[in-house]
Structures are given as structure tokens and as C-alpha cells.
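First comes the structure, then the notes that go with it.
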Amino acid sequence: MKLNYPWFLIALLAIAIPIAIHLLQLRRPHRLLFTNTAFIREVDLVTVRHRKVQHLFILLARILAVATMVLVFCQPFIPAAQSVKGAKSGGLDVLVDNTFSMQLQSASHGSLFQEAVAQARHLADLEPASGRLKLMNGGYGQVTKTVYLNKLDGLKLTSHNPYYKIGEGDDAQTESKNSLFILSDFQKASFNPKLLTNINPAQNVVLVPLVGKKVGNLYVDSVWLDDAFVRVRANIGLHVRVHNGGGAIANGSPVKVYLGNRQVAAFRVTVEPGQTVTPVVHVQLNDNALALGRVVNEDTPVTFDNTFYFTLQPAAAIRVLEIGPEEVAQQLYGNEPLFTYTYSKPQSVNYAAMRQANLVIVREVETIDAGLREGLREVAKRGGNVVVVPSASPAAHDSYQRLFKDLGLGTAQWEAATAPPELRDVAMPSAREPFFRDVFGAQQRAVTMPRVAPVLRWTRTGTDILRLRDGESYLADFPSGAGRVYVFSAPFSKEYSDFTSHALFVPVMYRMAMLSYRNEQLPAYSLTQQTVTLQLPPVSNEAARPNGTSDEAGFRLVKDSLTFIPAQRVLGQEVRLELPVGMDSPGFYQVQRQGKTLTTLAFNMDKRESELAAYSADDLRKMVGNRPNIRVLEAGESGADLAKFQAQQTGQPLWRYFLAFALVCLLAEALLIRFGTRRAVARVKVAA
């Protein structure tokens, strides 16, 4: 046995107090009154003998009570049978995994989170009342046992990964005196084995894997549409990707789709562990308002990921600007409400309309000046599309070459002019070409294709959309900036092409216009991503600082009664918002500026939390390898294994037993005084 505080043994001098009391009581005279003095000697012999034995027992009880109380303050313990190399126990640090995956039901009872909290409380019970503990989840320092238990009771499930706390703030050159216990399910998707290298080699660390029951866990991985161009009161194919992140089959689980408060679809899925199914449901939007959607499954016992939030934004009108000698696309785009059509002559280009246009058609312009080239380059740079229909005039070749160079298309080769132009047949397009997706029917029939006379050709740097039968390209797609450039090899004039009168003309031109539309707002975002980029109206000068960052009256993220002010930066129409650390609740968040709601974003949990596959104790031992300061230990029933390990590492404390023995001694003293006196009086009466 050893003592933590041996200097408390000085208090053993207090044993002199009961001894002095005992000696003083022996000197006190005792007067006995009897009517018959013949019996005095016999009575004195009986009472003195009994009193002497009684006082000796009382003295012994008092001495033992004082001695054991002194030993309680010395905190005696039986030294540990074994200890981790290099560990110096100066306190206890506990990290409880409080991520949502801990909702999984444990093998014993309750959830894994409830079991982890119970084990953390049991670890506190093994520490002395004056011990210092640290709950690493909240970033608190070492606190008393009472404060630690209060913090533990207030611990809630969250989406933030707690493992980043491992090794945080530790200096590799400084020995850590605190033992660290990590209570977690150690998910394979979120726990990185490399984090073990951050642990101080001088610190005693115990990994406690909690094992849950194997169940199925369905969650929606993502949703997407057949076409990004969403139209009102038209069937929209909504793909719902459902994944099973659990260890058991999910059989016939119901899934419902809501738009607002209205249920628009329902289906059942059966998914094997680790597998995915992607059913397609058809929904409709009734108006132009932003639709707030939810996909809800009734999967238990892990329920945090049962709802997936998304938004559907009806497409705004696509702005089309045509620049040419006369209007050709007026009847094509002007009569369709999906498009906003504008026409400009080359001599008086509407640059204000060009800055807002999604699609700019440059058709057979004789000379493309520097201003027009710069405007087209800016359209492609910001993500718009440009359609170039060349002019047959040899005088236009140089300006088109400069345009192609500015757009990053390279150099084109011009065909020798012939009179009349030699018309060649366009080949039937492939139905597998992404550009023509959903354009042709299930059975593609042979039709008469248009005939064209190309005036230029280019190297194979783009993607051919339409080709001639001899293999030359007629319509090609080139990337440029954030947008696309579509180039025809022949003019639209009747002597060079009959494409404008062909049935293929309308779907091709519509397709190029629709592909120019980009909805910068995604249907759903993750709470764990760092930034969100939106295309919003530019911030006014009063709401922006000179360096481009908005002030306190800038953008806010609002969900019910919660309001977050993210770090933000505005560059033109692009707004970048950094998600705050405390934003961990899934749902719909309104983006507000100066009290006005600009849009609504849908945020969901990190998909990694839904993958319940976890490392076993054997897997963790293999990861630990030859690190002697790290142990892997099963929690055991009611923390029995943890208690045994803690006793092996820190020794078996004995102060509780000494305290109990001191109380027994005080009780014995009270009983001796109470019942011993009654017995002495009884003997006197008998002797009389």
C-alpha cells in the first residue's frame, strides 16, 4: 500500500486527544451512596472492573477512528500491477463521440451515445472527489468532478466530427500528464487512422470502441433532374438516389416526396447493405416560386438522416441576342415565352443586352470589330454561350480569325470559294450524343438531312455535334471561359445552306439556348462544406466596403429563430458565403440582406455520418501497431472492463474503505457509551 499524500500522517498526533480524555476520566472520583455499607466493597469491585474494560474499548474505537480519518486524507492505494510506458497520470481527459451516427442502438441497451455517456460517468466515479477531469467535446479545461458531470449531462448530438480534438494543443516536446479515453463507434467514413499519429507519445490513450447492432440505414444521397431547365406545369423527372449505409437489408421501406406541404410522390425501396437504388418520380411546379422539397423515409432506429431537403427553382426566361444583317431567329425565339429575344445590327450592337444575354448569335457579320470581340469574350467568360455563323465574304476572314483567337478556339482554315457553292449532305446525328438527348424518339428513322456548303474547317479541338457525310464537321462545340462557343462551318444564307428550313433547325437552336441557362443555386448543400457560391444581385455601394467585403448589414442565413452572419465576399454578381461553425441543423435557410429574402437554400447532414460501418477492436489494434502508449479496450457490461483497466493503470484506491471503517469505529464508540452504561447500572442494582 502507498499513500498519495503521506505528509498528512502528521495528523496522527491527534491520537493524543482521546488518550488524554481517557486519562482524565480515570482521575475523576465516583461517589456511590448505599444504605448498607456492608456491600460497598463488593459493589466497587464489580463496577470498577466493568468500567475499566469499557473505557479501554471506547479508547480503542476513538484511536482507530482518528487514525483511519487521517489515512483517508492521505489517500492510500494499492500500486498498479502494470502501467502504460511513459504515462504519467495527472488527470483524466475524456472524448465522447456525439455525432449523429451514435443514434445506433447498442448491443446491450439504449443508443451508443447513451452508452458512451454512461461509460464517461463511470470513469469519473473512478477518480477521487478532488480529481480534475476534462471533457474535450466542449473545449473546456480541467474542471471538478461536479462540473464535469454537468457538462456531460448537457452533451447533445451534433454533426461536427469530434476527432479533430485528438492531439490538439499537444506539444510533441512536452509530456502529457493526463490519460485520454476516447469513447466512439469509430466509423470508417469519418475516423482517419492517421489521427493516431497526432497523439503525444508520452500520453496514455485508451480507445474504447462501442459496438452497435447491425441494422439497415437508408438515406438519400442526392437528387437531380433530367434537365436543368425547369418549366412550370411540366413533368419533371426527379432522380432520387437512395443508399443503404447500414449492415442489414432494408426491405420495402416507404419513401415519400413533398413539395411544400403537398405530397407529390411515394414509393417503396428494398436496398441491400452498401447498395444504391435510383428511382425516378415525376413532379410538377404549379408556379414560378421557389419550391421547397423534402424526401422522407421511415427508417429506424437511426433517424437523423431520414429527411433530405432540396429546392427546385423554375428557370427564368433565357435571354437571346442575335447580331446580324437581318432577323432570322425572331420567329424561332420571339414567339416562345421561355425566351427573351433581342436583335441588334452589327453597326449598333446593344451592349447592355449583351451583358445580360445567356446566348449571343453572331450571324454572317461582315466585320467583327474589337468592341464586339471583347463583348463576346466577356459573355463566354461569365458562362454564357456564343453561336458563330461565319460570313462567306473573304473580307471577313481576318476579323473571324481574331475572334476565334480571342475565344481560345485556335485558327480556322477557310475553304476556297466556288461558284456556285458546292453543297454537301449533313450526316444523321447520333442519338447517343448528349447534345441530342431526348430530341429523337425511341426509334430513330432515316430522314432527309440538310445540305450545306462549308466555308471553313478547324482542327479537332472541339466536339463535333453535326458532321457531313464525308466526315468533316458542320457544327462543333468549343469550351471558352466558363461558357461554350458553337461554330457552324457554313453560313445560313440560302445559297450556302438549307438548314434554317429543315426540321432539325428548331431543336438544335433551342438546345443551344437551353444549354446556355445555368442555375447557379444547387438543389441541396452540405452543412460540412466550407463555402457557398451564389449568383445574386450585386451589393450596392452602401452595403459594401471598398475591398469587396460586405458589412454587418450584409448577408444573413436565417432558419426559424436562428440567425447566422457568415463571412462573406461579393465580387460583382458572385456572392461567396462561408458557413459558420455553429450552423449544424439541417433544413431550409433563407439568404437575407437588409431584411429582404433573396433566396432559400437547402442544407443536409454530411453523408459520411450515415455510413454506419465501423472499425472493430481488432482493426484498431492493427492500426495502433507498436505504439505502447495507446490501448484498445472494449467497454464491457456496465463499464466493468474500464474499471478493471483503470485500476490496473492507476492502482486500486483504498480511501473509501478507510472512510467506511472510520464511520464504523464512531458507531462502535456510540454503542459502547450508550449500552455499556446501562449494563453497569444494572449490575449495581443486582449487587445491592
Looking at side-chain heavy atoms only, is the closest gap between [X] and [Y] below 4.5 Å?
X: Leu155; Y: Phe113; result: yes
X: His243; Y: Glu611; result: yes
X: Leu292; Y: Thr600; result: yes
X: Val240; Y: Val220; result: yes
X: Leu210; Y: Ser106; result: no
X: Ser190; Y: Glu609; result: yes
X: Phe603; Y: Leu579; result: yes
X: Asp93; Y: Met136; result: yes

On a heavy-atom basis, which atom in [X] and which in [Y] lie closest, and how many Å separate them?
X: Thr311; Y: Leu522; result: OG1-O, 3.8 Å
X: Arg294; Y: Phe310; result: N-CE2, 3.4 Å
X: Leu218; Y: Val269; result: CD1-CG2, 3.8 Å
X: Pro209; Y: Tyr615; result: CB-O, 4.5 Å
X: Leu180; Y: Val94; result: CD1-N, 4.4 Å
X: Leu259; Y: Ala291; result: CD2-CB, 4.3 Å

Worksheet item: What class does the angle between the rings of Phe304 and Phe100 fall in, given that below 30° is parallel, 30 to 60° is tilted and above 60° is perpendicular?
Response: parallel
Looking at Asn306 and Asp299, would you say the former's side chain and the latter's main chain have a donor-acceptor pair under 3.5 Å? yes
With distance as the sole test, does Asn217 use its side chain to make a donor-acceptor pair with the main-chain N or O of Gly245 at under 3.5 Å? no
For a side chain to side chain donor-acceptor pair (under 3.5 Å) check, start with the C-alpha distance between Ser101 and Asp185, then their side-chain angles and the critical distance, and finish with the verdict. CA-CA 8 Å; Ser101 64; Asp185 56 355; 2.9 Å; yes
Using a strict threshold of under 4.0 Å (side-chain N to carboxylate O), is an ion pair present between Lys622 and Asp619? no
Basic-acidic side-chain contact under 4.0 Å: Glu298, Lys256:
yes
Evaluation steps, side chain to side chain donor-acceptor pair (under 3.5 Å), between Thr146 and Thr144: CA-CA 5 Å; Thr146 303; Thr144 62; 4.9 Å; no
